[in-house]
2 protein chains.
Amino acid sequence: MAGERSKRVTIYSIAQECGVSASTVSRAFTRPDIVNDDVRERIHAVAKRLGYQPNKAARGLATGRAGMVGLLVPDITNPFFPPLVRAIQQAASVQDWSVLLLDADEVADEETELVEQVRAQVDGLIVASPRSPDADLEDTLGDLPAVVVNRVVAGRPSVVCDNSAALTAAGQHLHQLGHRRFALLRGPEASWAARQRAEAIRGWALAAGVELVELGDFAASYEGGREAAPALLGSDATAAFAFDDLMACGVLAGLAEAGRSVPDDHSLVGCDDVLLAQTVTPSLTTVTAPVGELGTTAIELLHAAMRGEDARQVRLDGTLTLRASTGAVPAGVVSR
Amino acid sequence: MAGERSKRVTIYSIAQECGVSASTVSRAFTRPDIVNDDVRERIHAVAKRLGYQPNKAARGLATGRAGMVGLLVPDITNPFFPPLVRAIQQAASVQDWSVLLLDADEVADEETELVEQVRAQVDGLIVASPRSPDADLEDTLGDLPAVVVNRVVAGRPSVVCDNSAALTAAGQHLHQLGHRRFALLRGPEASWAARQRAEAIRGWALAAGVELVELGDFAASYEGGREAAPALLGSDATAAFAFDDLMACGVLAGLAEAGRSVPDDHSLVGCDDVLLAQTVTPSLTTVTAPVGELGTTAIELLHAAMRGEDARQVRLDGTLTLRASTGAVPAGVVSR
DNA sequence: CTCAAGGTAGCAATCGCTTGCAGTAGATTT
DNA sequence: AAATCTACTGCAAGCGATTGCTACCTTGAG
């Protein structure tokens, strides 16, 4: 199966074995159409038998293309990203690209540093939810083909999940359940998504004429949620929008610790719909992101960018998923 | 900051600029000690000013080393892996290695396929919790330097988390709480860890003289846990060991659905201590894996393997973390 | 029967960097 | 002062693939 374990199989070994020149072997793989059918098949057969694998370094050197794309995430341990990584990886492999994963560990400077390090090594870059300011990003990216996920940067192709409609729907849902006083537990200022979500909720609250108190910023993490819980209790809101599911889980724990029940005392809405959202108790009402599409679109856009096409900005809609963390307000509380 | 945006900076541009040969520039980077101090500094300064980044493809072609290691995981969306990925990544970057992430999507054949695809592209490979049978693995790995994480394969360096002691401690803990009838919710047969954990629990049960009923195999996932719950209810065990935290969470949900309470009706122990374990309600008593060490050790072993050293097999101990999912047996149940 | 056109193959240069070997100049030894 | 080191530096040959250009061999047309 693995073929002769001689030395190392190159196009030259194959050429010799087949009695043709190396160029022909090369072409048999890269432009099969221009080599004679018989010859091509003979070459492919021998290559398979010998277990030939083209040397990517050599090819990269000759063509200037590395066959590799970078994927920069702010924090791989944040459960939002693994599914995205997988989706992108699968979409990339269709294009015959390998994916170099880069984790910035949630620190903005690390992002630009990492980009600087890999820019010479990849053909393109996908930057997911970057924390760096636009200017820094633009600076380091330079002329490297890149697409941004979950953030809009002027002049760059991007694909974002638009949660506005779903958050509005969530608001309406809560309103119907009788809630009139809401809290917005804000995410990190550096996060584009946080600003976008906050904007959507503010817009809805204004239109619906309900009371909205903003709390935070809190970290986009379980810990951040734990910190947010007392703040929420200090307000008189009966329903809250957390920046994301992770934070919502922290809030859940914080409220439970304080002896409050969800959804009986408070209703809570998360965002992203990570696995956690359906496994916590109570399960979270949240906005489900179309992760698969996000990935395929990112690769598509990157492909376009590498061909020099104009930057396109795609927005995909999140959808509201109702679960157990939202319920009606106890009668006494509604009419104060 | 980014330097002249002329064409592409190579060692030749720098050499010309500095009035030295390309070899000297090359050496100024790869073996700084053997080039004259003044010259070296001049070169470094110019390189920095021009924004020089060595071309990895060229270097790889010349040296035969790619400066890249592969990291194969069975399922990146399983929350056990992201922290491991990060740990490995950080350890790798110290060695100046990039990490190529490969996700097998939980299918064994995909693993061997992926290995085949990247073997020519990386200097070494880290295989985490592989699902393929030993023989297949050995076959595809061949002479590629590789280290296995969380599984022991004859003749290969490996680093595993040994949960035996911690699981035994968990058993004793439950025993002290009054439990006498236990269930083992087995993980997938293909998983080495599942077999190892099962063995440890069997050993303890035998030594402690308690009743142990084995259920499963179940999938190592939330869904698997949901399926395990009815089986657990069908047994008369009062305490259960789940294969991992994910499965334990599923069991938790299944029991809750059936109106059973943890830890009042049943006690439950997980394994791995993923983020989920502390966020579910009730939080999970589990075995905490030393993920960071796992990562650094893996890189260390890989380094050794690449130098041709003998395969070393390291085992690191997991530690028992007590949380809310284990409690005493209600008096009526203990003495039947 | 000769010539042009098409379809295939081969030659050789090139991508950017590493490295064994040889050469040079100054320092040290005798 | 001659001989021997030392410490650098440069030359040039690769590493394995791609690709523009040239050359060859058929065919078909004139």
Side-chain angles (χ1 to χ4, degrees), chain A residues 6-44 46-47 50-68 96-98 117-123, chain B residues 3 6-44 46-47 50-68 96 98 117-123:
Chain A
S6 54
K7 203 70 219 173
R8 181 174 237 138
V9 192
T10 72
I11 51 171
Y12 292 94
S13 351
I14 299 179
Q16 193 159 30
E17 184 86 8
C18 291
V20 298
S21 79
S23 335
T24 304
V25 176
S26 171
R27 283 192 273 255
F29 288 108
T30 52
R31 308 195 31 205
D33 47 305
I34 68 166
V35 6
N36 184 293
D37 294 10
D38 302 355
V39 181
R40 170 164 30 78
E41 269 168 41
R42 197 147 39 91
I43 292 176
H44 281 166
V46 172
L50 265 44
Y52 170 69
Q53 285 289 133
N55 180 320
K56 284 235 185 190
R59 173 176 296 180
L61 184 54
T63 61
R65 275 167 278 124
M68 199 147 57
D96 214 40
W97 285 334
S98 302
Q117 264 175 43
V118 298
R119 61 174 313 137
Q121 202 174 162
V122 299
D123 299 327
Chain B
S6 55
K7 201 71 216 172
R8 180 175 236 137
V9 191
T10 72
I11 51 172
Y12 290 95
S13 351
I14 300 180
Q16 193 160 30
E17 184 86 8
C18 291
V20 297
S21 79
S23 335
T24 303
V25 176
S26 171
R27 282 192 274 254
F29 289 108
T30 53
R31 309 192 32 202
D33 47 305
I34 69 167
V35 4
N36 184 292
D37 293 10
D38 303 355
V39 180
R40 170 163 31 75
E41 269 168 42
R42 196 146 42 90
I43 292 176
H44 282 165
V46 172
L50 265 43
Y52 170 70
Q53 285 289 133
N55 179 321
K56 284 236 183 189
R59 172 175 296 180
L61 184 53
T63 60
R65 276 166 279 124
M68 199 148 57
D96 213 40
S98 303
Q117 264 175 43
V118 298
R119 62 172 314 136
Q121 201 174 163
V122 299
D123 300 326

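Computed over heavy atoms, backbone and side chain alike; hydrogens, waters and symmetry mates excluded. In what follows, chains are A, B, ... by sequence order, proteins preceding strands, each numbered from 1. For clarity, every value in this text was computed on a predicted model and none was experimentally measured.
Atom CG in Asp33(A) sits roughly 10 Å away from atom P in dT8(C) (whole-Å rounding). Distance Gln53(B) CD to dC17(C) C1': 15 Å, rounded to the nearest Å.
Here Thr63(A) contributes atom OG1 and Lys56(A) contributes atom NZ; the two are 10.0 Å apart, rounded to the nearest 0.5 Å. If you take CG on Asn55(A) and CG on Leu61(A), they are separated by 9.5 Å, rounding to the nearest 0.5 Å. The CD atom of Glu17(B) sits 10.5 Å away from atom CZ of Arg42(B), with the distance rounded to the nearest 0.5 Å. With rounding to the nearest 0.5 Å, the separation of CZ in Arg40(B) from CG in Asp33(B) is 8.0 Å.
With sequence neighbours excluded, no residue satisfies side-chain contact (heavy atoms from CB on, under 4.5 Å) with Ala62(A). With sequence neighbours left out, the side chain to side chain donor-acceptor pair (under 3.5 Å) criterion links Ser26(B) to no other residue. Applying the side chain to side chain donor-acceptor pair (under 3.5 Å) criterion to Asp38(B), with sequence neighbours excluded, gives no partner residue.
Near DNA chain C, meaning a heavy atom under 4.0 Å away, the residues from residues 54-68 of chain A are Leu61(A), Ala62(A).
On the nucleic acid side, DNA chain D has its first and last nucleotide under 4.0 Å of a heavy atom of chain A at dG16(D) to dG20(D), going 5' to 3'.
The side-chain heavy atoms of Ile11(B) and Tyr52(B), taken from C-beta on, include a pair separated by under 4.5 Å. Tyr12(B) is not listed as a side-chain neighbour of Val25(B), based on a closest heavy-atom distance of 4.5 Å or more.
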- Message: side-chain contact (heavy atoms from CB on, under 4.5 Å), that's the test. Do Met68(B) and Met68(A) meet it? Break it down for me.
- Response: CA-CA 12 Å; Met68(B) 199 148 57; Met68(A) 199 147 57; 4.1 Å; yes

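Along DNA chain D, the nucleotide nearest to Ile11(A) and the one nearest to Val20(B) differ in position, and the one closer to the 5' end is contacted by Val20(B).
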- Query: Taking protein heavy atoms under 4.0 Å as touching, what does nucleotides 20-28 of chain C look like 5' to 3' if B marks base contact, S marks sugar-phosphate-only contact and - marks none?
  - Reply: B--------

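Contacts of Val25(A) with the nucleic acid, taken as non-hydrogen atoms under 4.0 Å apart, are absent. If you check every strand for non-hydrogen atoms under 4.0 Å, Thr24(A) touches sugar and phosphate atoms only.
Using a 4.0 Å cut-off, some side-chain N or O of Tyr52(B) falls inside it from OP1 or OP2 of dC17(C).
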